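These numbers come from a predicted model, not from an experiment.
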Amino acid sequence: MSFSSDVKEELSRQQTAARHCQIAEIAAIISLCGRIQISELDRYRLKIHTENVAVARKYFTLLKKTFNIRVDVSIRQGMGSHQNHSYAVGVSRHEDAVRVLKATKLMTAGGEIRENLSLTQNVVIQQSCCRRAFIRGAFLAAGSISDPEKFYHFEIACVAEAKAEQLKELILSFGLDARIVQRKKYFVVYIKEGSQIVDILNVMEAPLALMELENIRIVKEMRGSVNRQVNCETANINKTVSAAVKQIQDITFIRDKVGFGGLPENLREIAGLRLERPEATLKELGEALDPPVGKSGVNHRLRKLGDIAEKLRDGSPESGT
């Protein structure tokens with residue numbers, strides 16, 4: 001199973017005891033993947049379609065537990081190359097469908113169908129616990145999470161821009177940075193920051209998935225830190241090696257061009273030592289001198305030798321000052 005499927009499986013088994021939260025979760029599922037059917041005689045039916053058995057099971061359980069009504073389930077095998085099962089969960093009895101629609105505020109008291117999910121007006125999502133339940137139901141109905149081993153991405157697809165805006169506002173109410181992008185016929189509410197996806201899992205009450213994602217994030221951050229440190233050390237080593245090669249080239253040029261006889265004693269000493277120990281660091285060269293010299297002192301002497309080599313290459317008289 002994918003990480004996204006694991007999250008949905010966990011959420012499908014998360015059962016809230018409060019009826020108002022159950023209604024909020026049902027409202028989200030109907031709103032995002034449900035269909036309201038009205039016959040010629042104004043008889044209502046409710047049906048949701050999903051390819052995820054966990055979503056079908058959760059919706060069935062919620063309806064039975066919350067309203068104590070008869071719920072129909074049908075399964076259809078995919079055709080051709082599309083072999084996934086499709087699950088349809090429905091409420092066929094008119095009176096039961098109306099009860100559900102009115103309880104979820106998807107139908108007014110006068111029988112008008114509407115999906116006003118406004119934070120300020122809809123009593124279904126007034127409480128924080130109900131907003132959590134609604135987001136959980138929305139994710140079960142139309143959401144997905146990428147494999148965190150690859151990259152971080154959380155999204156819920158909505159067929160209408162108004163629904164996406166309302167869902168974004170719900171997520172923003174928990175201090176999370178949700179955004180909307182249009183993708184073909186869908187308006188997708190998404191979160192890309194890893195730490196914020198951890199937070200949205202906490203909002204939806206998926207502790208197992210949250211811990212798994214946190215563990216993956218810790219390992220990835222440690223791996224990134226180690227890689228940065230290795231890259232930094234490699235760059236320093238390359239810089240040190242390049243400097244040592246240049247120093248040896250300069251000293252060898254001075255030796256072959258004019259010899260070391262005209263050099264001051266301190267420069268002759270460091271020149272000979274560098275040729276003897278081409279792999280040594282500045283600190284090691286300084287400790288090998290008698291008396292020992294610090295890194296800055298060694299670096300100063302080697303720079304002087306470099307200046308002398310450049311003057312010789314330019315045809316100027318060498319200088320030992």
Side-chain angles (χ1 to χ4, degrees), residues 2-4 145-154 177 179 181 190-199 201 209-321:
S2 66
F3 182 73
S4 188
I145 298 182
S146 64
D147 181 352
E149 292 280 6
K150 299 177 180 177
F151 58 94
Y152 302 123
H153 185 81
F154 169 97
D177 184 22
R179 301 184 181 184
V181 63
Y190 71 93
I191 299 173
K192 296 195 74 69
E193 172 62 39
S195 62
Q196 298 238 326
I197 295 177
V198 169
D199 291 339
L201 288 174
L210 185 155
M211 290 302 298
E212 182 178 352
L213 178 54
E214 278 285 51
N215 289 337
I216 292 172
R217 287 182 65 231
I218 290 169
V219 171
K220 288 178 71 173
E221 288 176 4
M222 289 180 61
R223 190 182 299 145
S225 177
V226 169
N227 287 339
R228 286 190 295 272
Q229 186 173 352
V230 169
N231 291 338
C232 181
E233 291 176 355
T234 300
N236 289 336
I237 291 171
N238 290 336
K239 184 178 178 181
T240 300
V241 170
S242 298
V245 170
K246 178 66 168 56
Q247 292 159 8
I248 292 171
Q249 289 174 344
D250 290 340
I251 293 169
T252 301
F253 180 78
I254 295 171
R255 182 195 65 191
D256 295 343
K257 186 75 173 178
V258 298
F260 294 156
L263 297 176
E265 182 181 354
N266 63 338
L267 297 187
R268 287 200 307 272
E269 187 179 19
I270 197 65
L273 190 59
R274 170 50 92 192
L275 291 178
E276 292 174 7
R277 303 181 60 179
E279 78 292 341
T281 64
L282 296 182
K283 180 180 179 182
E284 292 169 342
L285 290 175
E287 292 173 347
L289 293 170
D290 187 18
V293 176
K295 287 172 60 177
S296 61
V298 173
N299 192 44
H300 175 73
R301 296 182 188 187
L302 291 170
R303 280 205 310 269
K304 291 291 292 181
L305 289 169
D307 292 341
I308 293 170
E310 288 302 313
K311 290 180 180 179
L312 288 172
R313 292 187 181 99
D314 293 340
S316 303
E318 68 277 13
S319 172
T321 59

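- Taking all atoms of both residues into account, the shortest heavy-atom contact from T281 to E284 is N-OE1, 3.0 Å.
- Remark: side-chain polar atoms of R274 are paired, donor with acceptor, to backbone N or O of A280 under 3.5 angstrom.
- The two atoms that bring I254 and L263 nearest to each other are CG2-CD1, 4.3 Å, heavy atoms only.
- Between L302 and I251 there is a side-chain heavy-atom pair separated by less than 4.5 Å.
- When all heavy atoms are compared, the tightest approach of K220 to Y152 is CD-OH, 3.6 Å.
- Nearest heavy atoms, P148 versus L213: CB-CD1, 3.2 Å.
- Counting heavy atoms from C-beta outward, F154 and L201 have side chains that stay 4.5 Å or more apart.
- The heavy-atom pair separating L273 from L285 by the smallest distance is CD2-O, 3.3 Å.
- With sequence neighbours excluded, no residue satisfies side-chain contact (heavy atoms from CB on, under 4.5 Å) with T240.
- For the atom pair CG (D177) and CD (E193), the distance works out to 9.0 Å, reported to the nearest 0.5 Å.
- Residues R217 and E214 are paired through a salt bridge, judged by an N-O separation under 4.0 Å between the basic side chain and the carboxylate.
- For the pair I308/V258, no side-chain contact is recorded, criterion being any heavy-atom separation below 4.5 Å from C-beta on.
- Here the side chains of Q247 and L305 are not in contact, with every heavy-atom distance at 4.5 Å or above.
- By the 6.0 Å contact criterion, NZ on K295 is open, its count of non-hydrogen atoms from other residues, nucleotides or ligands being 12 or less.
- With values rounded to the nearest 0.5 angstrom, L210 atom CG is found 11.5 Å from I197 atom CD1.
- For E279, the CD atom is densely surrounded, since the number of other residues' heavy atoms within 6.0 Å is greater than 12.
- Closest heavy-atom contact between R301 and I270: CB-CG2, 3.9 Å.
- The closest side-chain heavy-atom distance from F260 to R255 is below 4.5 Å.
- Ion pairing between K246 and D250 holds under the 4.0 Å rule for side-chain N and carboxylate O.
- In this structure a side-chain-to-backbone donor-acceptor pair under 3.5 Å is missing from E269 to L289.
- Once rounded to the nearest 0.5 Å, the distance linking OG of S296 with CZ of R303 reads 9.0 Å.
- Distance CD/Q229 to OG1/T234: 10.5 Å, rounded to 0.5 Å.
- Interatomic distance, I191 CD1 to H153 NE2, rounded to the nearest 0.5 Å: 10.0 Å.
- Side-chain contact between R179 and Y190 is present, with at least one heavy-atom pair separated by less than 4.5 Å.
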